[in-house]
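These notes concern the structure reproduced below.
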Amino acid sequence: VQPQAFGGGLVQAGGSLTLSCAVSGLIFRSHAMGWFRQAPGKEREFVATINKTGVRKDYADSVKGRFTLSRDNAKNMVYLRMNNLRPEDTAVYLCAASRWGPSNSPEMYGYWGQGTLVTVSS
């Protein structure tokens, strides 16, 4: 079981990207999903989380109003739309699955992918 994140790349400040996460090997609709990011030399940081139905979402203060999280349970996919990107958003973005519900704590997630790199140039 491994969520597979993709869609990262190089973008200028103020630009947009959509990250996707494909999940297989588990009952996707029974798991909350989360996005975290890790910049070089920094700790893993919570970005956003969504419950199993997609109704409840929570965002880190640093991305509220700029990032939008959604999921498609029919396709086992999660999407993170990122607008108005800033250089400080540069990081490896990882998606993760949790059977315990949406959470901003990485310890609540049992399944992690390898991440996709987002680089925002100034």
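Since the model is a prediction, treat every value here as computed from it, not as a measurement.
Nearest heavy atom pair, residue Tyr59 against residue Thr68, reads OH-CA, 3.5 Å. The heavy-atom pair separating Gln4 from Phe6 by the smallest distance is O-CD2, 3.5 Å. The two residues Arg37 and Asp89 make their nearest non-hydrogen contact at NH1-OD1, 2.9 Å. Minimum heavy-atom separation, Pro3 to Ala97: CG-N, 4.4 Å. Smallest separation of non-hydrogen atoms from Pro102 and Ala32: N-CB, 3.3 Å.
To the nearest 0.5 Å, atoms CG (Asn104) and CZ (Phe36) are separated by 7.0 Å. Separation of atoms CG (Leu69) and CZ (Arg81) is listed at 13.5 Å; rounding is to 0.5 Å. Atoms CZ and CH2, on Phe46 and Trp35 in that order, are 13.0 Å from each other to the nearest 0.5 Å. The distance from atom OG of Ser122 to atom CZ of Arg86, rounded to the nearest 0.5 Å, is 14.0 Å. The distance from the CE atom of Met33 to the CZ atom of Phe28 is 5.5 Å, given to the nearest 0.5 Å. Atom CZ of Arg44 sits about 11.5 Å away from atom OG of Ser105, to the nearest 0.5 Å.
Between His31 and Tyr111, the two ring planes are perpendicular [angle over 60°; tilted spans 30° to 60°]. Phe67 and Tyr93 have tilted rings, their planes meeting at an angle from 30° to 60° on a 0 to 90° scale.
At a threshold of 4.5 Å between side-chain heavy atoms, the hydrophobic network of Ile, Leu, Val, Met, Phe, Trp and Tyr places Ile27 and Met77 in two separate groups. Hydrophobic clustering (side-chain heavy atoms under 4.5 Å, transitive across Ile, Leu, Val, Met, Phe, Trp, Tyr) keeps Tyr79 apart from Val63.
Judged by distance alone, the side chain of Asn51 and the main-chain N or O of Arg56 form a donor-acceptor pair under 3.5 Å. Side chain of Arg29 to backbone of Asn73: no donor-acceptor contact under 3.5 angstrom is found. With hydrogens and angles ignored, the 3.5 Å screen pairs a side-chain donor or acceptor of Tyr109 with a backbone N or O of Ser103. Listed for the Thr90 side chain is a donor-acceptor partner under 3.5 Å among the backbone atoms of Val120.
Around atom CZ of Arg99, no more than 12 heavy atoms belonging to other residues, nucleotides or ligands sit under 6.0 Å away. No more than 12 heavy atoms of other residues, nucleotides or ligands sit less than 6.0 Å from atom CD of Gln114.
Just one of Thr116, Ile50, Val47, Val118 meets the side-chain contact (heavy atoms from CB on, under 4.5 Å) condition when paired with Leu80; it is Val47.
Considering only heavy atoms from C-beta on, Glu45 comes within 4.5 Å of Ser62 through its side chain.
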Salt bridge (charged side-chain N to carboxylate O under 4.0 Å, His left out) between Asp61 and Lys64, intermediate numbers included: CA-CA 5 Å; Asp61 288 343; Lys64 273 181 185 174; 3.3 Å; yes
